[in-house]
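The next block holds one structure in the form of structure tokens; read it before the comments.
Keep in mind it's a predicted model, so treat the numbers as computed, not measured. Chain letters run A, B, ... following the sequence lines, proteins first, then strands; residues in each count from 1.
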Amino acid sequence: MNGDDAQLIARVGKRDLAAMRVLYEKYAPQLYRFAVARLGDERSAEDVVQETMLAVWQSASRFRGHSTATTWLFGICRRKVAEVYRRGQGREVPGLLHARSESTPPGPGLEFWESFSRLSDEHQEILLLVFYYGFSQEEAAEVLGVPVGTVKSRIHYARHRLREALRDAGAEEGDRKRRRSERSTGT
Amino acid sequence: MIEQGRGRPGGIRSKNRPDCKLVTPLVVWVANGTATDAERAMVVLHTLTCPHCRRELAETLALRRTFQRWVERLPDLPQRAWHGFVDLLEEREEARAGHRAAVEVAEPEAVEIGSVLRPLLAWLAAESPSPAWRMVDWALAYSETQGR
Ligand SMILES: [Zn+2]
């Protein structure tokens, strides 16, 4: 694992708040994106990040470096997201995308969100880890706590499901446009 | 996309090529940049002659780009987050310290039962030296042999 991270975690294990801040500033923004993408809610995502970093603070002295800091942190974070879902607080409203649609640059937005949110939790997780964070097979397996073989098959199916969902969303959008134009020409 | 060439006589049924089975699962790792040099070379060489896998690679790269653009549009962690974390840390540490203190009050050091019983029995024996209290003498002697 990255020597800097190992040293940082060792210092955090000795209650070094300055080291904790370095670790926080390096990883919390990455974890936040993951949590927002999974939960669709900024408030819950921030809570998940704080709980993840709190778990890091409390368990850093037991960290033995069998995994990298990155896979360790993401592993904790995904479990915290799962806890939110178990409590029934996840993905109520994809409100943040509406809220930001005015200010954010053009790009895939709500329709992508809708397609992504139709996927299972497992497929969402693996797509984020592999396509956004660029984890290798072994790293993804470590984060998810599954064998590498499972990662390989899961990413295969996740990719196909996402493509299907995007195709369906495109078809629905096409239908809506067609109906709108039919209505406007009909009146 | 999997059935490239389907229904076209003479179209390339690339799925039938045995090496596609080896290449297809590697495409995603080439697209995300974590395949080994050997794996990448194998995929690239294969895609030169296999339209199916070439398309698979192009689609996967496009999907990854779309995915990245979408995630990058998500909001950033608020600036105040670190301070919020420090507040939470203090709150939880205080709660833990409070809990420890409460546990210490609720569970005082275990009292050795003999230290209570022995003086009580001795007092009873001294106050009532009747035969019935021989039992007490005996109990007292026994408890001393047990070190309690
Ligand atoms: Zn092929």
Side-chain angles (χ1 to χ4, degrees), chain A residues 15 17 20-21 24-25 28-37 40 42 45-47 49-51 53-54 57-58 96-97 99-101 103-109 111-113 115-116 126-140 152-153 155-156 158-160 162-163 166, chain B residues 1-3 20-40 53 55-97 99-100:
Chain A
R15 321 301 261 181
L17 196 61
M20 185 67 210
R21 183 165 193 166
Y24 189 97
E25 282 171 358
Q30 298 182 38
L31 298 173
Y32 182 72
R33 285 253 162 101
F34 177 85
V36 172
E42 292 167 72
E46 195 178 333
D47 290 346
V49 170
Q50 305 296 43
E51 291 296 335
M53 297 315 278
L54 198 65
W57 174 259
Q58 287 164 351
L96 63 102
L97 291 162
R100 281 174 62 87
S101 59
S103 56
T104 46
E111 70 288 348
F112 195 92
W113 168 267
S115 302
F116 180 75
I126 198 133
L127 285 166
L128 281 165
L129 296 178
V130 173
F131 277 168
Y132 184 69
Y133 294 98
F135 281 101
S136 67
Q137 301 172 13
E138 292 77 16
E139 288 168 334
K152 289 181 189 175
S153 63
I155 188 67
H156 174 78
R159 208 163 30 131
H160 284 286
L162 180 60
R163 274 187 202 159
L166 286 168
Chain B
M1 88 232 38
I2 292 164
E3 297 294 314
C20 289
K21 276 200 177 119
L22 293 173
V23 167
T24 310
L26 295 176
V27 163
V28 67
W29 309 107
V30 170
N32 93 337
T34 61
T36 63
D37 289 347
E39 288 168 338
R40 194 164 43 247
C53 291
R55 192 166 159 183
E56 184 71 18
L57 179 61
E59 283 191 8
T60 306
L61 284 166
L63 191 65
R64 179 169 181 253
R65 265 197 305 277
T66 307
F67 204 88
Q68 287 187 314
R69 281 168 60 213
W70 172 63
V71 178
E72 271 150 22
R73 290 178 83 236
L74 296 176
D76 295 320
L77 182 66
Q79 290 289 317
R80 58 174 165 71
W82 166 254
H83 299 288
F85 175 72
V86 173
D87 291 345
L88 182 70
L89 199 61
E90 281 169 5
E91 192 184 296
R92 295 288 172 90
E93 300 270 290
E94 270 169 32
R96 271 158 69 117
H99 177 71
R100 266 200 302 274

Pick one of side chain, backbone, both or neither for B:R64, based on which atoms fall under 4.5 Å of a heavy atom in chain A. both
Rounded distance (nearest 0.5 Å) linking atom CG of B:L74 with atom CD of A:E42: 9.0 Å
Answer with side chain, backbone, both or neither: which region of A:Y24 has an atom nearer than 4.5 Å to a non-hydrogen atom of chain B? side chain
Taking every non-hydrogen pair under 4.5 Å, which of B:V86, B:V27, B:L63 racks up the most with chain A? B:L63
Most chain B-contacting option - heavy-atom pairs closer than 4.5 Å, from A:L162, A:V49, A:V130: A:V130
Which atoms form the tightest heavy-atom contact between A:Q50 and B:A81, and what is the distance? NE2-O, 3.0 Å
Do A:R163 and B:T60 come within less than 4.5 Å of each other through their side chains, counting heavy atoms only? yes
Got a sec, which pairs hit side chain to side chain donor-acceptor pair (under 3.5 Å) with one end in residues 24-35 of chain B, sequence neighbours left out? B:N32-B:T34
Rounded at 0.5 Å granularity, tell me how far CG in A:L31 sits from CG in B:L77. 9.0 Å
Would you mind listing every salt bridge (Lys or Arg N to Asp or Glu O under 4.0 Å) that reaches into residues 27-37 of chain B, with sequence neighbours excluded? B:D37-B:R40
Under 4.5 Å from a heavy atom of chain B, the part of A:I155 involved: side chain
When rounded to the nearest 0.5 Å, the distance separating OH of A:Y133 from CD of B:Q68 is 11.0 Å
Using a cut-off of under 4.5 Å on heavy-atom pairs, state which of A:F34, A:F135, A:F131 scores highest against chain B. A:F131
Who among A:R159, A:M20, A:R21 has the most heavy-atom pairs with chain B under 4.5 Å? A:R21
Per-residue tally against chain B (heavy atom, under 4.5 Å) across A:E138, A:H156, A:M53 peaks at A:M53
Specify whether A:F112 and B:F67 have parallel, tilted or perpendicular ring planes, treating 30° as the upper limit for parallel and 60° as the lower limit for perpendicular. perpendicular
Options A:Q58, A:K152, A:Q137, ranked by heavy-atom pairs under 4.5 Å with chain B, top entry: A:Q137
State, yes or no, whether a side-chain contact exists between A:W57 and B:R92 at a heavy-atom distance under 4.5 Å. no
Step through it carefully: locate the ring centre of B:W70, locate the ring centre of A:F116, and say whether they are under 6.0 Å apart. yes
